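Here the structure comes first, spelled out in structure tokens, and everything after it is commentary.
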Amino acid sequence: MEQLSEIMQDIINSGVLPNPVTFVAQIISTLVLFYFLRRWFWKPLSELLEKRRQAIVDELESARLLNEEASLNRELAEKELTEIKQKAAQMIEEAKREAEKTRALLLQQAEQAVEAYRERALQEIEQQRLQVEKELKTQVVDLAFALAEKLIENNLDYQMNQRIVEDFIKEVGVN
């Protein structure tokens with residue numbers, strides 16, 4: 001056994017195996033270093049990374065929700081725009097129909113007014129014609145009386161009567 005101890009000592013001295021006391025001290029110091037690193041750096045760093053990961057996940061989820069909401073709002077806006085376009089088209093058609101009705105009504109009223117004016121004009125023309133006929137009859141009667149008076153005053157022969165009528169016509173101005 002002593003020989004084994006000597007061989008071990010030679011192997012340790014030669015540097016093939018580390019010194020057990022140094023080896024144990026190094027392992028203990030490494031474990032203490034890992035403990036402090038884990039406690040003071042690894043945990044806070046892990047917590048910081050986890051918070052950052054969670055923040056990124058939350059932001060992605062929020063962005064996804066906002067994107068879905070935007071899609072829904074866009075669809076709603078497109079539906080509303082389509083409805084508004086349809087209502088506008090209906091309003092335009094209704095306005096066209098109303099304008100056509102108004103146009104037809106105005107044309108009918110204008111035609112009625114023209115017809116009434118034409119009727120009044122025809123009545124006035126008829127009244128004036130009757131008035132002119134009455135005046136003409138009166139003048140013809142007056143002329144006939146005047147002619148008869150002349151004929152009676154100069155009751156002569158046919159030639160003389162003919163000449164008196166012609167002179168009277170010239171005097172009155174009828175050709």
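The figures that follow rest on heavy atoms only: side chains count, while hydrogens, waters and symmetry mates do not. Please read these numbers as outputs of a predicted model, since none were measured by experiment.
For the pair Ser62 (side chain) and Asp58 (backbone), a donor-acceptor distance under 3.5 Å is absent.
No side-chain heavy atom of Arg53 sits less than 4.5 Å from a side-chain heavy atom of Ile56. Residues Glu133 and Leu136 have side chains not in contact (no heavy-atom distance under 4.5 Å, counting atoms from C-beta outward).
Distance check, rounded to the nearest 0.5 Å: CG of Leu45 to CD of Glu50 gives 12.0 Å. Annotation: the span from Glu94 atom CD to Gln90 atom CD amounts to 9.5 Å, rounded to 0.5 Å. With rounding to the nearest 0.5 angstrom, the CD atom of Glu98 is 12.5 Å from the CD atom of Glu93. Atom CD in Glu83 sits 9.5 Å away from atom CG in Leu76 (nearest 0.5 Å). Here Leu31 contributes atom CG and Arg38 contributes atom CZ; the two are 13.0 Å apart, rounded to the nearest 0.5 Å. In this structure, Lys101 NZ and Gln108 CD are separated by 14.0 Å, a value rounded to the nearest 0.5 Å.
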Report all side-chain donor-acceptor pairs from residues 119-127 shorter than 3.5 Å, counting only partners two or more places apart or in another chain.
residue, atom, partner, partner atom, Å
Glu126, OE1, Arg129, NE, 3.3
Glu126, OE1, Arg129, NH2, 3.4
Glu126, OE2, Arg129, NH2, 2.4

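In this structure, Glu68 pairs ionically with Arg64, as a charged nitrogen and a carboxylate oxygen lie closer than 4.0 Å. Using a cut-off of 4.0 Å between Lys/Arg side-chain N and Asp/Glu carboxylate O, Glu100 and Arg97 are scored as not salt-bridged.
Considering Glu111, Gln112, Arg118 in turn, Arg118 is the only one that fulfils the side-chain contact (heavy atoms from CB on, under 4.5 Å) rule with Glu115.
Val57 and Leu65 fall into different hydrophobic clusters, where Ile, Leu, Val, Met, Phe, Trp and Tyr residues are linked whenever their side-chain heavy atoms come under 4.5 Å apart, directly or through other members.
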Run the numbers on Thr22 and Gln26 for side-chain contact (heavy atoms from CB on, under 4.5 Å), then give the verdict. CA-CA 6 Å; Thr22 308; Gln26 285 179 349; 3.9 Å; yes
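Using a 4.5 Å cut-off between side-chain heavy atoms of Ile, Leu, Val, Met, Phe, Trp and Tyr, Leu37 falls into a hydrophobic cluster with Val24, Ile28, Val32, Leu33, Tyr35, Phe36, Trp40, Phe41.
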